[in-house]
Amino acid sequence: MPNIKSAKKRVSVIERRKQENRYVKSTMATMIKKFREAVKYDVAEAEAMLKEVVSYIDSAETKGVIHKNNASRKISRLNSLLFKAKNNASKVEEKVEVAEAKVEEEKTEAPKTEEKPAKKTATKKVEEKPAKETKAKKSAKKDAE
């Protein structure tokens, strides 16, 4: 424990800043987590959230809570995540439109009744195998000769 007055003050100031920094980092992590969830479900909402998240990350950088490269990396990754989500959403919409168009085409076409091909039945000739001769038959055969 420090004995000098200025050292005691430094300890209290460091503790206060540590708590403030922890709050900023925690809040930033929560915002990023909520943004990532929003991207999964609603791209438009995520796009609106991105501005808030980027602003908060920039303020954390300005305060000295995180390094500028760390802030840039986080912002870049969030932007690329949103970009990919937009592209995937547009691809999904295109697929849905194509599928709906196919369904509409099938509805407009006259229903066709499919003729089932006649069943082909193959008849196999079964060769009759001679029954095994029993001892009684063999002896009767010998007697007959």
Does any N or O in the side chain of [X] come within less than 3.5 Å of the main-chain N or O of [Y], such that one atom is a donor and the other an acceptor?
{"X": "S26", "Y": "R22", "result": "no"}
{"X": "N70", "Y": "I66", "result": "no"}
{"X": "S72", "Y": "K68", "result": "yes"}
{"X": "S55", "Y": "K51", "result": "no"}
{"X": "S80", "Y": "R77", "result": "yes"}

How many angstroms lie between CG in L82 and CZ in F35, if you round to the nearest 0.5 Å?
4.5 Å
To the nearest 0.5 Å, what is the distance between CD1 (I75) and OH (Y56)?
13.5 Å
So do [Y] and [X] actually touch side chain to side chain, heavy atoms under 4.5 Å?
{"X": "V11", "Y": "K8", "answer": "no"}
{"X": "M49", "Y": "M31", "answer": "no"}
{"X": "E47", "Y": "K86", "answer": "yes"}
{"X": "R36", "Y": "L78", "answer": "yes"}

Closest approach of N69 and H67, non-hydrogen atoms and distance?
N-ND1, 3.1 Å
So does R16 pair up with E20, basic N to acidic O under 4.0 Å?
yes
Salt bridge check: are K40 and E37 linked by an N-O gap of less than 4.0 Å?
yes
Tell me whether I4 at atom CD1 has more than 12 heavy atoms from other residues, nucleotides or ligands lying less than 6.0 Å away.
no
So if I apply the side-chain contact (heavy atoms from CB on, under 4.5 Å) rule between E61 and each of D58, I57, V65, which one comes out positive?
D58
